[in-house]
Amino acid sequence: MKNRSLISIDDFSKAEWIKILDIAEDFEKNPKQRILEGQVVATLFFEPSTRTRLSFESAASYLGAKVIGFTDAASSSVKKGETLNDTILTVSNYSDIIVMRHPREGSARYASEVAPVPVINAGDGANQHPTQTLLDLYSIRKTQGTLDDLNITFVGDLKYGRTVHSLVIALCNFNATFHLVSPQELKLPSYIKRHIKERKLKYHQYTDLNEAIPSSDILYMTRVQKERFSDPIEYEKVKNAYILNNAMLEDAKEKMKVLHPLPRVNEINEDVDTNPKAYYFQQAQNGVYVRQALLTSILGVK
Ligand code: CP
């Protein structure tokens, strides 16, 4: 993985995903190791973020690296009209690795093609969010004891949810059965569904969330991605399509866990937070260990 960019989840092999998860397990036991001293990590966030940016910065800081970057393109020379090409070439002069989030699909791939340093995609529009996928896989393996043969239910905005797209592609390598719960308007795009069909895996589509819960090992809730809608009226129609509450979990499997990449708006009622099946805040914490594993692997220290 040394010096390689991670833009799409399948830029790394299944064996490499597992290696990252194993390294992350070691970091979970001992996160404060100053093995990246002297390295500089740039975080360029052209879109808002709490977890991805701060967990990358936390991961880098625990490892002794310095972090530079911006959290708002309006505070950078992008505001003066600088191109992505020029920003990336410039920041490459100041850093050993670039972590970038951008609203445009394909922007991260483009950045990786022009940058002389590795680029990690921290989310490009509605396309992919591969580092979220690795922490999701870590969370699934940790809670279920395996990644194989699981029933995974995705709920909400399957059309624009980049975390869903990357995770479906990854889970196609683990013989998952997919349960896809969404309004008609927010169904999983056919180019992602193609991965499921090519592997001849089972998938079931629902509009009623209650139908999918009893068979689920993982219930992966998502926010309706307001920022991707061109028509606000269309967003209003679907924004409250699914709101999970505690009572709805009564018939769930004992080991089932509720995941959510976060932020949530109102798709998980706060009464679920104290249910032992709620795992979304631990999931966010796992992001630190997985991102430590990624930074050290790509920078050639692990
Ligand atoms: N899961 C995730 O991408 O969260 P942020 O938008 O807060 O980074």
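Atoms within a ligand are numbered from 1 in the order they appear, just like the ligands themselves.
- Nearest protein heavy-atom contact of atom 7 (O) of ligand 1 is Thr50 N, 2.8 Å.
- Residue His129 holds the heavy atom nearest to atom 3 (O) of ligand 1 of all those in Gln283, Arg162, Arg51, His129.
- Around CD of Glu270, the count of heavy atoms belonging to other residues, nucleotides or ligands within 6.0 Å does not exceed 12.
- Heavy-atom proximity to Gln132, at under 4.0 Å, picks out these atoms of ligand 1: 1 (N), 2 (C).
- Any N or O atom pair closer than 3.5 Å counts here, and Pro261 shares at least one such pair with ligand 1.
- The closest approach between Arg101 and ligand 1 falls below 4.0 Å for a heavy atom of the residue.
- Under 3.5 Å, the side chains of Glu267 and His260 contain a donor-acceptor pair of N or O atoms.
- Considering backbone and side-chain N/O of Arg53, none are found under 3.5 Å from N/O of ligand 1.
- Using bins of under 30°, 30° to 60° and over 60° for the plane-to-plane angle, the ring pair Phe46/Phe70 lands in the perpendicular bin.
- Formation of a donor-acceptor pair under 3.5 Å by the Asp11 side chain with backbone atoms of Leu6 is not found in this model.
- There is no side-chain donor-acceptor pair under 3.5 Å between Arg53 and Thr71.
- At a heavy-atom cutoff of 4.0 Å, ligand 1 is contacted by no atom of Thr163, backbone or side chain.
- Where the criterion is an N or O separation shorter than 3.5 Å, residue side chain and backbone included, Leu262 meets it with respect to ligand 1.
- Thr153 and Ser216 share a donor-acceptor pair across their side chains, judged by distance under 3.5 Å alone.
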